Every structure is written in structure tokens, then in C-alpha cells.
*Asks:* 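This structure is in C-alpha cells; I'll ask about it shortly.
Owing to the predicted nature of the structure, the values given are computational and were not obtained by experimental measurement.
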Amino acid sequence: QLQASGGGTVQPGGSLRLSCAARARTVSNNGMGWFRRAPGKEREFVASISWNGGTTYSADSVKGRFTISRDNAKSTTYLQMNSLKPGDTAVYYCAASRYSGVTTDCTGYQYWGQGTLVTVSS
């Protein structure tokens, strides 16, 4: 129902934009979020956006570098990632929240995408 794309390999300092398209189900009334899981680590919250895009919240580790946005007309949520670091290497997952606002807890999400791999390496 959620299809994430845009991952790839980039050098440190580079940029990528991830996309999350909602298929077969509308999520225009749902908050959306991005999470990531690095090798050998737990899944962690990255960023969240409210149903209308009016409120966003990002983890401290990505604040100022990553920007979450959405286009409800296209049923797509984005994660613009700039100034990427090797520590950002992970599988990135998008998810649709049970709620309309921003949510940082993964238990607050009901639909998950399949993940897209981001590798930051020189």
C-alpha cells in the first residue's frame, strides 16, 4: 500500500530525495513518517508530518539536514536528505500514522512501506 523509492549510493555530503507513494488506499487524512534501520541497530524515527503538511518534526540527528514534505494531490510523501553522512546509511521506511498529527513512536503507525536502502560511502 505504501511504496518507497529513491534510495541509492551517495558520497558523504551528497543529497537524495526519497518518495513514498500511497497505492490503493488514501492516506491524505493520516500523518506520515519516515523511519530507518541501520545495520545491527534498532529502527529509529527520522521525521513526521501532519495530514495537511502544516506541522513537521524531525529527529535531532537529522534536523537541519533532512526535510519531510507531502503532496496529497499525488498521494506522495517525500524526504529530502542533504549533507548526508556515513551514519545515515540505513534502510528507510515510510509509514502512515493512525493519527492526523505528527507521531514519533512507531507503534502509532499502521501501514508500512517495504523500505529503500540508502548507502553513504566514499
Side-chain angles (χ1 to χ4, degrees):
Q1 295 174 335
L2 297 177
Q3 185 172 359
S5 62
T9 299
V10 63
Q11 293 185 341
S15 298
L16 282 175
R17 188 177 79 157
L18 305 183
S19 298
C20 175
R23 310 291 187 195
R25 177 181 292 272
T26 180
V27 293
S28 59
N29 295 322
N30 299 73
M32 296 293 294
W34 287 95
F35 289 77
R36 68 186 181 185
R37 175 171 286 166
K41 295 187 177 181
E42 296 292 319
R43 178 172 52 188
E44 66 171 342
F45 167 79
V46 175
S48 179
I49 188 167
S50 62
W51 72 278
N52 63 352
T55 304
T56 63
Y57 185 80
S58 300
D60 288 344
S61 58
V62 305
K63 201 163 291 185
R65 300 188 298 123
F66 292 10
T67 302
I68 188 171
S69 62
R70 66 189 298 165
D71 184 341
N72 283 343
K74 296 182 179 180
S75 299
T76 301
T77 303
Y78 304 97
L79 185 68
Q80 178 67 45
M81 305 186 295
N82 299 328
S83 302
L84 283 161
K85 306 175 182 179
D88 295 318
T89 295
V91 176
Y92 284 72
Y93 300 89
C94 63
S97 173
R98 306 176 193 277
Y99 314 108
S100 60
V102 298
T103 308
T104 62
D105 189 340
C106 62
T107 62
Y109 290 82
Q110 55 182 340
Y111 303 118
W112 292 82
Q114 85 285 5
T116 184
L117 176 63
V118 172
T119 303
V120 185
S121 174
S122 55

*Asks:* Does N30 reach the side chain of Q110, with side-chain heavy atoms less than 4.5 Å apart?
*Replies:*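 Yes, close enough: below the 4.5 Å cut-off.
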*Asks:* Hydrophobic cluster membership, with links at side-chain heavy-atom distances under 4.5 Å among I/L/V/M/F/W/Y: are L16 and Y93 in one?
*Replies:*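 Different clusters: L16 never reaches Y93 through Ile, Leu, Val, Met, Phe, Trp or Tyr contacts under 4.5 Å.
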*Asks:* Are any non-hydrogen side-chain atoms of L79 and R36 less than 4.5 angstrom apart?
*Replies:*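 Not touching, per the 4.5 Å side-chain cut-off.
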*Asks:* How many angstroms lie between atom CD of E44 and atom SG of C106, to the nearest 0.5 angstrom?
*Replies:*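 These two atoms lie 11.5 Å from each other.
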*Asks:* Does a donor on one side chain and an acceptor on the other come within less than 3.5 Å for S28 and T26?
*Replies:*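 On atom types as modelled, these side chains qualify, holding a pair under 3.5 Å.
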*Asks:* Within the structure provided, determine whether R65 and D88 are in side-chain contact (heavy-atom separation under 4.5 Å).
*Replies:*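 When only atoms from C-beta onward are counted, D88 and R65 do touch, with a gap below 4.5 Å.
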*Asks:* Show me the pairs that pass ring-ring contact (aromatic ring centres under 6.0 Å, His included) and involve residues 3-43, at least two apart or across chains.
*Replies:*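 Those involving residues 3-43 are F35-F45, F35-Y109, F35-W112.
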*Asks:* So which atom in P12 and which in S122 form the shortest heavy-atom distance, rounded to 0.1 Å?
*Replies:*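 So the two residues come closest at CD-N, 3.7 Å.
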*Asks:* Rounded to the nearest 0.5 Å, what separates atom CG in L18 from atom OG1 in T76?
*Replies:*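 L18 atom CG to T76 atom OG1 measures 12.5 Å (nearest 0.5 Å).
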*Asks:* Can you get from F66 to Y78 by hopping between Ile, Leu, Val, Met, Phe, Trp and Tyr side chains that sit under 4.5 Å apart?
*Replies:*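 As far as the 4.5 Å side-chain criterion goes, Y78 and F66 are not connected within one cluster.
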*Asks:* Quick one: does R70's side chain get under 4.5 Å of N72's, heavy atoms only?
*Replies:*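 SC-SC contact between R70 and N72 confirmed.
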*Asks:* Enumerate the salt bridge (Lys or Arg N to Asp or Glu O under 4.0 Å) contacts for residues 50-62, please, sequence neighbours excluded, ordered by first and then second residue.
*Replies:*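 Listed once each, the pairs are D60-K63.
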*Asks:* Pair up each side-chain donor or acceptor in residues 95-105 with any protein partner under 3.5 Å, not counting sequence neighbours, and list the distances.
*Replies:*
unit_1: S97; atom_1: OG; unit_2: Y99; atom_2: N; d: 2.9
unit_1: S97; atom_1: OG; unit_2: Y99; atom_2: O; d: 3.3
unit_1: S97; atom_1: OG; unit_2: T103; atom_2: OG1; d: 3.3
unit_1: S97; atom_1: OG; unit_2: G108; atom_2: O; d: 3.3
unit_1: R98; atom_1: NE; unit_2: T107; atom_2: O; d: 3.0
unit_1: D105; atom_1: OD1; unit_2: T107; atom_2: N; d: 3.0
unit_1: D105; atom_1: OD1; unit_2: T107; atom_2: OG1; d: 3.1
unit_1: D105; atom_1: OD2; unit_2: T107; atom_2: OG1; d: 3.2

*Asks:* Between atom OH of Y92 and atom OG of S5, what is the distance when rounded to the nearest 0.5 Å?
*Replies:*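 Rounded to the nearest 0.5 Å, the OH-OG separation comes to 15.0 Å.
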*Asks:* Once you round to the nearest 0.5 Å, how far does CG of L2 lie from CE of M32?
*Replies:*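 So the gap between those two atoms works out to 5.0 Å.
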*Asks:* To the nearest 0.5 Å, how far apart are CD1 in I49 and OG1 in T55?
*Replies:*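 One gets 8.5 Å once the value is rounded to the nearest 0.5 Å.
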*Asks:* S50 side chain to G54 main-chain N or O, any donor-acceptor pair under 3.5 Å?
*Replies:*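 Judged by distance alone, yes, a pair lies under 3.5 Å.
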*Asks:* Can you tell me how far the CG atom of L117 sits from the OG1 atom of T89, to the nearest 0.5 Å?
*Replies:*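 Reported to 0.5 Å precision, the distance equals 8.0 Å.
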